[in-house]
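For ligands, and for the atoms within them, numbers begin at 1 and follow the listed sequence. Numbers here are sequence positions counted from 1. Note that the structure is a prediction, hence the values are computed from the model and not measured.
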Amino acid sequence: MKFLIASDSFKGSLTSLQVGNIMSQAIVEEIPDAQVRIIPMADGGEGTIDAVIGAGRGDLIPVSVTGPHGSKVISHYGKLHAHGAQPEAVVEIANICGLTMVDEGHRDPLMVSSRGLGDMLVALLDQGIRHVVAGLGGSACNDGGMGMLAALGVQFYDELGHELSGSAADLLRVASVDWSRMDRRIMDTELIIASDVTNPLVGPSGATHVFGPQKGLLPEMIEPLDQAMVRYGRLLEVGNGRDSDQSLLLSPGSGAAGGLGFALQIIGGRIVPGAEKVAELTGLKNAVRESDWVLTGEGRSDYQTLCGKLPSYVSTLAAESGKPAVLISGSHGEGVESLYAHFAGCFATVNKPATLAHCMQEAENLLRQCTRNVARLIDASRKFR
Ligand SMILES: O=C(O)[C@H](O)CO
């Protein structure tokens, strides 16, 4: 029997490669003659570069960039083996300005800037790279991409003409924008935005309202920052000659990574579902076709899983190829029943009431036990058929 494991990471406890290895060992423990292939997956957020590099598509190149709080950090991009003469790079906001890079006690998106992504883009342009996949998701920023644009040479000013460096706090002050010094090389660059979500930039389901709180935004700052984001967004659109009927403020994915989805589109980027892009780069479709069973997973599954998260994309690919897909999640949340129609089975590794800390600590063991049970069931279905 051929198994394919294409899981997301279990955020905060296991990377997608670790999940793959644990599930694989558990399957072989129960079905010794199983053939298991692992394709670690991601959706544009954390693990995107690892997934692509892990599939043998290129090399990791270190670059020094501005980190979430202004000091330099060493980040990486994936340099893909070129087809023809055109080098291509995969970058990931999660390893430039990622939420996991900021200690929980120090999370304050008002003080965080996406400048590091701009530094990374400039480094790629300097190296002659004109094809970039930008993975968005798992970020600590909520600055509408202002820091990233500033690093590319766009200048932002307050009412009194003071130049702003680009952070969410500056969104509250920005009054004008000067595009004249922007690095024009970015306009000749193919920019694919691999987004982990379909949320818009602003409004109740926008970046600030939905992702601000998990980044440490205080409840009283949500509405003022969302309003500031509307003003900033329109300022950029007007400066780019974009009419209000072509506005991107409410378009799907603009709210990814605190509004980087919006800013990257403003400078010519094309937004695509992150899971789909990673699947294309890792050859997932073929691997699904060649398997008998597809196992996928994520840290927590709920009604949002169907909004473009990786497991739902994997289940779609499996259905297209007529293969059964099984979802193994760290835990289940509200509305998980909506997933039942998409999977042959949905399982949660948590097997008794326990604290989050305990579940994280025991993640490996819990995943192994749960996968063994799934494998036993699959094996039995073969034997008793
Ligand atoms: O980074 C974030 O803000 C979320 O993952 C949504 O993209």
Asks: Compare every heavy atom of V63 with every heavy atom of A123, then report the nearest pair and how far apart it is.
Replies: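 Minimum heavy-atom contact is CB-CG1, 3.8 Å.
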Asks: Does the pair R185/D188 count as a salt bridge with the N-to-O cut at 4.0 Å?
Replies: no
Asks: Within the supplied structure, the quantity of interest is the number of heavy atoms (other residues, nucleotides, ligands) at a distance under 6.0 Å from E334 CD; does it exceed 12?
Replies: no
Asks: Students should be able to answer this: which protein heavy-atom is nearest to atom 3 (O) of ligand 1, and at what distance?
Replies: K215 NZ, 2.7 Å
Asks: Find all atoms of ligand 1 within a distance of less than 4.0 Å from any non-hydrogen atom belonging to G258, and give their numbers and elements.
Replies: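 Counting from 1, the qualifying ligand atoms are 3 (O).
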Asks: Which of the numbered atoms in ligand 1 are under 4.0 angstrom from any heavy atom belonging to V197?
Replies: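 It comes down to these atoms of ligand 1: 6 (C), 7 (O).
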Asks: Might you confirm whether atom NZ of K72 has over 12 heavy atoms from other residues, nucleotides or ligands at distances under 6.0 Å?
Replies: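 Atom NZ in K72 is crowded, with more than 12 foreign heavy atoms closer than 6.0 Å.
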Asks: Closer than 4.0 Å to some heavy atom of A256 - which atoms of ligand 1 meet that?
Replies: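 Counting atoms of ligand 1 from 1, those under 4.0 Å from A256 are 7 (O).
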Asks: Can you find an N or O of A257 that's nearer than 3.5 Å to an N or O of ligand 1?
Replies: yes
Asks: Below 4.0 angstrom from a heavy atom of G138, which ligand 1 atoms are there? Numbered from 1 as shown, please.
Replies: 1 (O), 2 (C), 4 (C), 5 (O)
Asks: Less than 4.0 Å between a side-chain N and a carboxylate O, is that true for R173 and E159?
Replies: no
Asks: Can you tell whether the side chains of R368 and E29 come within less than 4.0 Å, N to carboxylate O?
Replies: yes
Asks: Any chance the side chains of S315 and S312 put a donor and an acceptor closer than 3.5 Å?
Replies: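 Short answer, no.
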Asks: Taking distance alone, with no angle check, do S139 and ligand 1 share an N/O pair under 3.5 Å?
Replies: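 Checking ligand 1 against S139, an N or O pair does fall under 3.5 Å apart.
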Asks: List ligand 1 atoms under 4.0 Å from G137, heavy atoms only on the residue side.
Replies: 1 (O), 5 (O), 7 (O)
Asks: Number the atoms of ligand 1 from 1 as they appear, then name those within less than 4.0 Å of a heavy atom of D196, with their elements.
Replies: 4 (C), 5 (O), 6 (C), 7 (O)
